[in-house]
Every structure is written in C-alpha cells, then in structure tokens.
Amino acid sequence: MKGLELIKKAFALQPVERVPWVPFVGVHGGFLTGTDAETYLKSSGEIVKGISKAVEEYNPDGIPVVFDLQVEAEVLDCKLRWSESGPPAVVSHPLAEGKKRSDLKIPGAGDGRIPVCLEATKILREKYPDIALYGLITGPFTLALHLLGTDIFMKLFEAPEEVNEVMEFCTQVGQKMAEYYMDAGCDVIAVVDPMTSQIDPVTFENFVTPFVSRIFEDIRIKGKLSSFFVCGHAQQNIEAMCNCRPDNVSIDENIPLDFVKEITLEKGISFGGNLKLTVVLLMGSADDCREHTLECLDLGGKTGFILAPGCDLPRETPLKNLKAVTALIHDPYQQDVVRTLEKKESTLEIFNMKDYGQAEKVIVDIITLDSESCAPCQYMVEAVKRVAPHFDGVVEWREHAIKKMEAVSFMSSLMVKNIPTICIDGKIAFVSQIPPEKELVAAIQKRINEKLKLKIRSKRSEFILLGEEESQCRELQERAMRALTELGKDVEIKVVAGREKLASYGVTQTPAAVAVSYKIKSEGSLPSVEVIREWLKEL
C-alpha cells in the first residue's frame with residue numbers, strides 16, 4: 001500500500017498491515033545535502049533537495065515539507081537569531097515592545113519566507129504524489145507567546161481580554177497558513193503548539209480550545225487531514241487536545257505512548273510518536289534504534305498509530321540510525337529477530353551527585369533538549385537568564401542540552417525525567433513549567449538563605465586561653481572580650497589551666513592563645529575512608 005493511503009487508513013482508525021512511518025525531517029534535510037540550517041530554511045531548492053534525499057534514504061509514508069515554527073513570527077516582526085545547526089530562535093516580542101495588535105497584519109502568501117515553503121510544497125507534491133505531505137503551522141498559543149513574550153502567562157490571569165484578542169489574531173494567521181499549505185498540495189496540516197505544555201487543562205480549555213478547534217474545522221471542510229502536535233510534558237492536556245477534534249495527536253518522549261493511545265482511541269482519534277530524539281536517534285547505535293522502534297511498534301499497535309520522532313530530528317542524526325528504523329518497519333522478519341534478542345544493559349554513566357550543591361555559589365541547572373531549537377526550552381532558559389542578574393556573583397546558571405551524552409548522564413544523575421527542567425543546587429525545582437519571575441526568584445533566594453545558615457553553622461570557632469593557673473589568663477581574657485565586642489563576632493572564649501593540659505596543646509610558655517575554627521564535613525551520612533583521609537590531610 002502506498003504511503004499516503006496507509007496514513008489515511010491509520011488516521012481513520014482502520015487496522016493496517018504495517019504501521020506508517022513519518023520521519024520529522026527539518027534541518028536534518030540540510031545535513032543530508034551538506035547545507036547549513038540557515039541556508040536550507042531560506043531556499044525552496046535546498047528544501048526540495050533535502051526532503052528528496054530523506055525520501056530516498058528513509059522510505060517514509062509521510063514527511064513534513066518544512067519544520068520551522070518561526071516562519072509566521074518572522075513575518076509578524078519578531079526578530080530571529082539564526083543558527084547553522086538548527087531552526088532560528090525568536091529573540092524579540094513586538095507586542096511586549098510597544099507595537100499594538102492593530103499594527104499586525106495577517107501574512108500573505110508572498111510574505112517573508114512563506115513563498116519558500118509553498119514553492120517547495122508544490123515541487124514535492126508533483127515529485128512524490130504517493131507520499132503524505134505534512135504542512136506544519138505554528139499553533140496559536142505558541143505564536144501568541146512569540147508576540148507577547150512570557151508576559152502571556154501573567155496576562156492569562158491579569159488581562160484575559162488582551163490574550164483573547166491576540167489568540168483571535170493568531171488563529172486567523174493559522175487558518176490562512178493552513179489554507180496556503182492545502183492549496184499548495186499538503187495532505188496533512190499539523191498544528192504544532194509546544195507552548196501549550198506550559199498550561200493546565202482549565203487554562204487550555206479557556207484560551208486554546210475555542211481557537212485551535214476552528215483551524216481543525218477549516219481543514220476538515222477542505223477534505224484534508226489534521227494533526228495536533230505538542231512537545232514537552234503535556235500529559236495533563238491530552239484529553240483537552242482530543243476535544244479540539246483533530247484527526248491525530250502527536251507527542252514526544254515526555255509522555256508515555258500507551259497513555260496517549262488509551263485516551264485518543266477512546267475519543268476516536270489517531271495518535272503518533274514518540275521515538276526518543278537524542279538518547280536513541282542522535283546518540284544511540286543502530287541496535288538501540290531497532291530495539292526502541294520495536295518497543296514503540298508493540299506499544300502503538302496497528303490501529304490508529306503513526307510512528308514518528310518526538311519532534312523534528314536533530315540536524316546531525318546519523319543516517320545509519322534512521323535507516324535502521326526504516327528497515328525494521330518494512331521487515332517483519334527483522335522485527336521478530338530483534339524481539340528475541342536480549343536488551344543490552346545501559347552503558348550510561350551515572351555521576352555521584354550526593355554532595356552536589358556544596359559550592360559557595362548557588363548553581364541553577366536547566367536541562368533542555370536545546371534552547372536554540374526547542375521553544376519551551378528557549379523560554380525556560382530566558383526565564384533564568386532574566387533573574388540571574390538579581391543575584392550577581394551569588395548565582396551561576398548552566399544549560400545542559402541533552403544533544404550531548406554528558407548532558408544525558410547529568411540529567412539521569414539528577415533523576416530528571418522531563419524536559420525542560422530547572423534544578424537548583426541539584427534539586428528538581430520546576431518541571432516542564434516556565435516559572436513566573438517571582439516564583440523563580442523566591443526559589444533561588446530560599447536556597448541562598450539555606451546556604452547562609454549552613455555557612456554560619458560550619459564556621460563555629462573557639463578562642464582558647466592557656467595558663468598555668470586561671471588567674472594568669474584573666475587580663476588576656478578581658479582583652480579578648482573587648483576585641484570580640486569591637487568586631488561583633490560570636491566566638492566562644494575558653495580558659496584552659498594546668499601543666500598537663502598545656503602539654504596536650506604543645507604549649508611551653510604562658511599565657512598563650514589558640515584560635516580554633518571548626519568546619520562541618522558531614523551530617524547525616526557515613527563518609528568513606530577515602531573521604532575521611534582527604535579531610536585529615538587538611539589538619
């Protein structure tokens with residue numbers, strides 16, 4: 001069966017002889033042809049070459065033309081920061097910088113890079129009539145966040161009318177973009193709205209459902225198929241997404257596939273996902289990819305399931321890994337072979353993080369997919385960058401993008417399960433939710449206060465006065481008391497008298513004074529001999 005027919009059958013919840021395969025090729029297409037991301041996303045010719053190479057290598061049933069959630073934002077005056085290895089990032093927000101909603105106009109088919117996307121669609125449609133072409137548009141909530149910035153989360157409660165006005169505009173943009181892609185030849189319109197992972201179901205139903213449902217209705221009227229695609233920890237919103245009546249819901253590895261399967265099929269909606277992008281496809285071996293693909297196939301089943309990565313493929317995903325996925329999907333015998341093989345033990349290195357967070361500074365770690373290519377990750381990193389100057393010299397922040405294996409090890413060592421996540425001194429603080437500035441500041445300040453208390457306790461000191469008799473130390477004691485008064489220090493003064501005690505201190509002449517500083521090395525745990533040996537070296 002041809003790919004387009006297979007996908008239509010899966011979307012209709014009809015049993016299929018083989019699960020359809022949709023690799024989300026974005027700037028990975030440029031990698032296949034040796035083109036950097038910026039050049040690739042600005043040229044219809046390069047896009048056609050990249051997608052054609054992906055079709056040749058991965059034998060897909062469906063494929064997106066372009067995976068770039070900044071196309072609409074760029075036309076609407078958002079400034080972009082370009083990258084050689086990933087899609088651009090939005091770095092300015094017009095409605096937070098003085099522009100009015102009335103200043104913004106619905107993009108035309110000839111604006112910005114829209115003609116590039118549409119021209120590539122038309123060429124690919126003619127070239128591959130039997131493959132389902134996906135037209136990806138930016139979801140209304142994510143586009144509204146691009147325009148308003150993270151202030152949108154505060155405005156949801158303080159200025160809901162303003163948010164609704166912007167959402168209405170973004171919905172009209174989405175309707176137009178869907179129309180452009182359908183007219184150019186796309187079979188499936190995917191509304192990609194990753195920032196909806198940042199809100200609860202009630203907020204979703206109030207500020208997303210009424211708007212995005214209209215886009216899906218337009219697509220249905222045109223006789224095309226639709227998909228609602230969200231990445232991040234959006235498990236709480238799956239049912240709300242289904243209630244928007246798309247034909248398909250696609251998710252990433254943050255959400256269990258069996259959980260989505262149960263809800264979507266009950267609602268009469270197909271589902272897609274959720275191959276792990278980094279740990280498996282980008283950094284794993286071909287065997288890892290085969291094992292994980294089989295796991296997804298077994299979980300998804302042959303009714304209503306489309307196998308796909310959790311998001312657009314990292315640019316440098318190895319060709320051999322994706323070809324391993326392709327071969328397994330098309331070969332039932334190979335599936336049986338992999339199913340009988342024992343799974344290899346994980347070779348992931350786990351760090352000893354027991355004493356993490358003991359440095360002088362408070363360390364804020366942000367675990368991301370990559371803030372340059374993942375919108376929720378980008379805005380979470382920006383939230384930390386914005387508050388860090390409030391704690392100048394006291395707080396240090398670091399991003400750990402799990403496109404590198406050491407970052408994956410770090411993530412696992414901190415027991416982080418979802419992306420993006422903020423950890424403060426090694427403790428999970430905010431999971432897949434961009435914290436309001438006040439909450440983030442309060443969480444960091446709380447840790448600073450805790451460290452200050454520990455620091456005060458760890459520097460308990462004594463000033464010991466030694467003499468053959470106590471009377472010999474009286475004047476020295478008075479001087480020490482005065483010195484403490486002038487310094488404002490809290491140090492215990494102790495008098496030690498007697499020749500035997502003097503000898504234990506190695507004192508031969510009196511009066512003498514010994515300043516002693518105590519530092520707590522361990523509390524509530526049993527240190528190893530090696531650790532104690534290091535402590536003793538300091539004495």
Side-chain angles (χ1 to χ4, degrees), residues 1-7 18-37 39-41 43-68 84-87 117 120-121 123-136 186-188 190 250 272-294 296-297 306-335 338 373 403:
M1 184 177 287
K2 296 174 181 177
L4 176 55
E5 294 175 9
L6 195 66
I7 282 182
R18 174 180 63 77
V19 171
W21 159 230
V22 180
F24 287 139
V25 174
V27 295
H28 176 69
F31 175 69
L32 294 177
T33 59
T35 308
D36 68 85
T39 302
Y40 181 81
L41 291 173
S43 166
S44 59
E46 292 297 337
I47 292 169
V48 169
K49 283 197 293 184
I51 297 300
S52 298
K53 183 66 175 176
V55 169
E56 175 190 328
E57 297 289 355
Y58 307 143
N59 193 13
D61 300 296
I63 198 163
V65 178
V66 176
F67 205 124
D68 180 354
E84 290 187 359
S85 60
C117 302
T121 302
I123 296 171
L124 291 168
R125 175 74 293 157
E126 186 174 349
K127 191 173 184 180
Y128 301 108
D130 298 325
I131 293 177
L133 287 184
Y134 279 60
L136 272 54
C186 282
D187 308 286
V188 182
S250 287
N274 69 341
L275 290 169
K276 296 180 179 179
L277 285 176
T278 55
V279 178
V280 176
L281 295 179
L282 178 63
M283 295 181 289
S285 65
D287 284 341
D288 294 330
C289 293
R290 281 186 279 266
E291 286 179 5
H292 182 49
T293 298
L294 186 63
C296 291
L297 292 175
I306 291 89
L307 180 73
C311 197
D312 63 322
L313 292 163
R315 182 177 181 275
E316 298 183 1
T317 304
L319 188 70
K320 64 179 178 62
N321 284 358
L322 292 167
K323 293 189 76 164
V325 174
T326 297
L328 189 80
I329 289 169
H330 288 274
D331 188 348
Y333 171 73
Q334 191 178 141
Q335 293 175 25
V338 174
S373 59
K403 288 184 177 179

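Only this structure's heavy atoms are used, side chains among them; waters, hydrogens and symmetry mates stay out.
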Donor-acceptor pairs under 3.5 angstrom involving side-chain atoms of residues 22-33: please list them, not counting sequence neighbours.
unit_1: H28; atom_1: ND1; unit_2: R315; atom_2: O; d: 2.9
unit_1: H28; atom_1: NE2; unit_2: Y58; atom_2: OH; d: 2.7
unit_1: T33; atom_1: OG1; unit_2: G29; atom_2: O; d: 3.3
unit_1: T33; atom_1: OG1; unit_2: G30; atom_2: O; d: 3.3
unit_1: T33; atom_1: OG1; unit_2: T35; atom_2: OG1; d: 3.2

Distance-only donor-acceptor hits, side chain of residues 128-135, under 3.5 Å, sequence neighbours excluded:
unit_1: Y128; atom_1: OH; unit_2: S52; atom_2: OG; d: 3.4

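The CZ atom of R125 sits 9.5 Å away from the OG1 atom of T121 when rounded to the nearest 0.5 Å. Within the model, atoms CG of D187 and CD1 of I7 stand 8.5 Å from one another, a figure rounded to the nearest 0.5 Å. A distance of 5.0 Å separates CG in D68 from CG in L41, rounded to the nearest 0.5 Å. Summarising the geometry, atom SG belonging to C289 is positioned 8.0 Å from atom CG belonging to L275; distances are rounded to the nearest 0.5 Å. The distance from the CD atom of Q334 to the CG atom of L294 is 10.0 Å, given to the nearest 0.5 Å. Atom-to-atom distance recorded for K320:NZ and T317:OG1 is 11.0 Å, nearest 0.5 angstrom.
Two residues are said to be in side-chain contact when any heavy atoms from C-beta on lie closer than 4.5 Å; I329 and V19 fail this criterion. Inter-residue side-chain proximity for L136 and V66 is flagged as unmet; no heavy-atom pair is nearer than 4.5 Å. Within the 4.5 Å cutoff, the side chain of L307 has heavy atoms near those of the V325 side chain. Side chains of Q335 and L328 form a contact here, defined as non-hydrogen atoms less than 4.5 Å apart. Under the 4.5 Å side-chain criterion, counting only non-hydrogen atoms from C-beta, P314 is not in contact with L281. The shortest side-chain heavy-atom distance between V338 and T293 does not fall under the 4.5 Å cut-off.
Side-chain N or O atoms of H292 include one that pairs as donor or acceptor with a backbone N or O of K276 at under 3.5 Å. At distances below 3.5 Å, not a single donor-acceptor pair connects side-chain atoms of N274 with backbone N or O atoms of G310.
By the salt bridge (Lys or Arg N to Asp or Glu O under 4.0 Å) test, D312 pairs with no residue at all, sequence neighbours left out. Remark: S250 engages N248 in a side chain to side chain donor-acceptor pair (under 3.5 Å) (not counting sequence neighbours). Not counting sequence neighbours, K127 has no partner by the salt bridge (Lys or Arg N to Asp or Glu O under 4.0 Å) test. In this structure A286 satisfies the side-chain contact (heavy atoms from CB on, under 4.5 Å) test together with R290, N321, A324, sequence neighbours excluded. Qualifying salt bridge (Lys or Arg N to Asp or Glu O under 4.0 Å) partners for E57, counting only residues two or more places apart in sequence or in other chains: K53, K323. Residues that satisfy the side chain to side chain donor-acceptor pair (under 3.5 Å) test with D331, not counting sequence neighbours, are absent from this structure. Annotation: side-chain contact (heavy atoms from CB on, under 4.5 Å) contacts of S43 (sequence neighbours excluded): E46.
V65 and A120 make their closest contact through CG1-CB, 3.9 Å (heavy atoms, listed as atom of the first residue, atom of the second, distance). Taking all atoms of both residues into account, the shortest heavy-atom contact from I51 to P64 is CD1-O, 3.4 Å. Of all heavy-atom pairs between A308 and W21, the closest is CA-CZ3, 4.4 Å.
A 6.0 Å sphere centred on CD of E126 holds no more than 12 heavy atoms belonging to other residues, nucleotides or ligands.
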